[in-house]
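Heads up, the thing below is written out as structure tokens.
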Amino acid sequence: MALSSVLVLVLVAVVTTGVALAVNAASSDARRWPWGLHVIQDHPFPSVLVLTVVLAVLSMMVVAVQRQRDARDTDAPVVAGSAVDDGPATTEVGPPGGTGMVDAPLGELPLVVRGRDGVIDELLTPPATYPPQIRILVGMGGRGKTTVALAAAREAQASGWRVWWVSAVDGATLVAGMSAVAREAGASVEEVTGADSDLALAGVVWGRLNRVADPWLLVIDNADAPELLAPGGTSVAGGGGWLRSAGTGIVLVTTRVADRTVWGQRAGWFPLGGLDQRAAALMLLDRMGRADEPELIGAATAVADRLDRLPLAVHLAGSYLGSGMAAVGLEGYLRLLHDRSLSVVDEGAPGWGKQDPRRLIMSTWEISLDALERQGRTRARTLLRVLSFLGPGSVVPVPMLDPAVLSTAALLPDGDEGRAEMAAGLAGLRAVGLVDGAPTGVVGSGDGLTVHPLVAEVCRWRAAREGQRSSLTTAAAGLVVAARAGLDLADPADWGAWQVIAPHARAALEAITEISEDVGVGVVDVNNAVTYHYAVRGSYPAAIDQGEAVVSAAAARLGDEHPSTLVSRNNLAYVYQAAGRLTEAIPLYEATLTARERLQGHEHPDTLMSRNNLAYAYWAAGRLTEAIPLYEATLTARERLLGHEHPDTLMSRNNLATAYDTAGRLTEAIPLYEATLIAYERVLGHEHPNTLTSRNNLAYAYQAAGRPTEAIPLYEATLTARERLLGHEHPDTLISRNNLAHAYWAAGRLDEAMPLYEATLVTRERVLGHEHPDSLLSRNNLATAYQVAGRLTEAIPLYEATLTARERLQGHEHPDTLISRNNLAHAYQAAGRLDEAMPLYEATLVTRERVLGHEHPHTLISRNNLAHAYQAVGRLTEAIPLYEATLTAREQLLGHEHPDTLISRNNLAAAYRLRDDGK
């Protein structure tokens, strides 16, 4: 566009001068030209050259203004530190295993699986011989369903089948696993990420599985909540959700749900009972390490029969007898089992029959625990019960079992004695098979432990019967609260640790009414951190679900107006705001501020935080006339109460500067930014994180004021410091790299900007994931750089992918989604695809007017852009009113000399000229 404009103006200059010379030459009057124009007459060719250069420069200036106007709505660089200062103090992710599992965990399978050959063969019967492709392996807890499914997977894999393993322990894990299955079955990233619902994703999965030519086996393990398999109002039996038939494959589902109507008539039914006598006896001897001693078969059979040949109970008995801790052999164990079983039966439990698997496994482990106590491992029973009150079925990192917490709860002695007893107890529990080792998947977190869900269930019942439930729940909650110490909310290095802790935090939250108030406050605080970190990770649905649960639990245990409840409400408002739901965030912020003013006073630190946060929400909503007075009042109060250099005061000064900056009041914003930076450097040092944030923000203001020679060195210094102090992949470092790239871009240094944008995107995708909001921001920014460089064939696919992801993840009306829609429209327009650009511009404007209001800065950008598109296709009667309305609003909101106001005035003048020329 710039080159064509320059050539036109050069041609005009040459033609004009040529005509003038020709007229002069043809004139009989040899008068010299007036007003100094005789220079052209005397020196025509140098004059043409000078005029051409001047007009070319003017043309490029016009083009630059036009480009700035056309591309107003690209994402602004992230300005760190200008947001909330009332955040909680920690973090989250999903439950362990939340990434799903595609490879069957065959390493957990015994070398020999006794007594299940027949059912394994039946499960793998080809569909041509046994038509039902969906096969339900059903049985009570402890029957070994997962072991049988693993054995089937191992045999199928050995036969050359493709095998996939997905856990249905919760919805998130199921969806993640099925997404991975889709990819391995041939679906593209775009197909998977483009599915806008679980039901749509299920269609992708089964569409791909239907095309797999080789035999395959898909195992869906632990489907004890069948409703998870029926997304979008479908039914499990109907076959429209996650559970379908396809192609050449077999779907194997393990479940406790024995209602055949749930699974439907199309499913094959495989009930799993106890082992036969010989298999159970051999399994017992396997666990004892004595399978090669046939003389023991008789005694082993008697023990297995006494345990009803329940695989879990046999496993626990064999683990104990083979641990080296048993004081008896098989005959002695049988006598102990008889005596212990009688006492368990005498204790009774509602709904438990004499052969209920819970009775059987309790009998076995009580014998094991008795033996551990005789060996001096007196804390083993207590430790098993504590583990049972943490997140059910989730990995517990060994370091999370803090002896100091258990000592405070009177469950362990103090100091070295307590640590030694805990180590001995845990080693004993592992030796007798009551807990299993499990990797946590987190670097530096050490080993982990798991308890079989059925064992945990019975432990919780037994503890409640003995009056220990409250103390054990409180102890487990105390472990969760202690585990969050030292973890950073936003540091990706800590995300894995929070992934392990999160399910235990939620378990403590769900039991909060049984916990003392002081521990309850800690549970609320750690779950507030989980809420906040979901938002940091960009997992907005999870953050909202978590935030709403915390508010409800905090109100129930602590009361509606407890300080921790108010923090929970503040954090939920923050999550709503991060998810683009400002209409829900602002009333919650307002209510929290009102409550804090009444309960804690207008100048309490928490009240000032609430006032700051409400101002931030108003600012985000474009309500600057409401935001700025709140920021000013907060700053004034903090200066008076805390002093001019307190960190909270400096934060307020930074935030007020940001609001002034947004309002176009750069002459007020820049001195505040400068004063804040000087104070941070003096008080905290030149390389403190807050100082670096302040330096970044001042650079941003210089850039906005058209002072790139001052902005770029600050950005460069900030990036260098963050790389050295925080590492090359820390989120703050990535913000700096993005902002420096933007500054280079704005200064026309595209050859330096482009590699930074590209490197930032690659790193964010690897560290944060392809769909984290920061990754999407980087993708948008790189697309913008490509567009400015004239590489539209690369820019447009990036814009399209970003818009698709934002629509699916953040919704069609989230502010970031609207930015993407505007930017894609602008790229289409630049590519001459106005028939595609126009509907996007129109839809974006309509949505912004409804969601953000008619005078929000983004709404005004949309109105300007749509007017420009109308003008480009000659629809001036529609363009001019839009330009006029935009100019009027900007003059009122931003002032007559704000850069955006000047752009509007220029655009309207150009439209008037075109209209008048047309007449």
Side-chain angles (χ1 to χ4, degrees), residues 100-102 119 122-140 145-146 148-149 152-153 156 162-187 191-213 215-272 541 545 808:
M101 183 180 294
V102 178
V119 70
E122 290 176 5
L123 288 170
L124 296 179
T125 302
T129 305
Y130 179 69
Q133 291 179 266
I134 298 172
R135 300 173 186 186
I136 309 299
L137 185 62
V138 62
M140 293 185 297
K145 298 181 296 297
T146 297
V148 171
R162 298 185 68 176
V163 175
W164 297 289
W165 185 281
V166 173
S167 172
V169 68
D170 58 57
T173 304
L174 174 67
V175 171
M178 295 299 270
S179 298
V181 170
R183 290 284 291 118
E184 289 208 0
E191 283 182 276
V192 174
T193 59
D196 59 4
S197 68
D198 289 352
L199 188 56
L201 181 58
V204 173
V205 172
W206 292 103
R208 283 291 169 179
L209 288 176
N210 201 40
R211 303 178 203 175
V212 177
W216 54 264
L217 173 68
L218 169 62
V219 179
I220 301 178
D221 191 34
N222 287 323
D224 298 330
E227 62 274 13
L228 296 178
L229 300 174
T234 61
S235 70
V236 176
W242 286 117
L243 197 57
R244 310 185 191 184
S245 303
T248 58
I250 293 172
V251 183
L252 173 57
V253 179
T254 71
T255 182
R256 295 188 192 185
V257 179
D259 183 353
R260 293 198 67 165
T261 61
V262 170
W263 305 103
Q265 296 301 313
R266 64 200 177 95
W269 194 249
F270 296 83
L272 195 62
D545 173 72
R808 179 168 47 79

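Keep in mind that this is a model prediction, so the values were computed, not measured.
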Partner of R135 by side chain to side chain contact (heavy atoms under 4.5 Å, CB included), out of V219, T125, L124, V253: T125
Considering all heavy atoms, the nearest P131-T129 contact: CD-O, 3.7 Å
Side-chain donor/acceptor of W216 to backbone N/O of W164, under 3.5 Å: no
Backbone N/O of L272 and side chain of K145: donor-acceptor pair under 3.5 Å: no
Closest contact, heavy atoms only, G268 versus P132: N-CB, 3.6 Å
L229, L228, L252, I134 screened by side chain to side chain contact (heavy atoms under 4.5 Å, CB included) with I220, the one that passes: L229
Test applied, side chain to side chain contact (heavy atoms under 4.5 Å, CB included); reference residue, M178; option that passes from L218, V204, L201: L218
G247 backbone acceptor or donor facing Q133 side chain under 3.5 Å: yes
Exam field: side chain R244 to backbone G240, donor-acceptor pair closer than 3.5 Å: yes
CD1 on I250 to OH on Y130, rounded to 0.5 Å: 10.5 Å
Nearest atoms (heavy-atom pairs only) where A237 meets G264: CB-CA, 3.7 Å
Side chain proximity check, W242 to V205, heavy atoms < 4.5 angstrom: yes
Contact check, side chains of L243 and W263, non-hydrogen atoms, under 4.5 Å: yes
Main-chain N/O of I136 paired with W269 side-chain donor or acceptor, under 3.5 Å: no
Distance-only side-chain donor-acceptor flag, D221 / T254, under 3.5 Å: yes
Minimum side-chain heavy-atom gap V138-V257 below 4.5 Å: no
Close side-chain approach of L217 and L123, heavy atoms under 4.5 Å: no
Any donor-acceptor N/O pair, R162 side chain to V212 backbone, under 3.5 Å: no
Inter-residue atom distance N210.CG - S245.OG, 0.5 Å rounding: 10.0 Å
Minimum heavy-atom distance between L199 and G241, given as atom pair plus value: CD1-CA, 4.4 Å
Exam field: side chain R208 to backbone A182, donor-acceptor pair closer than 3.5 Å: no
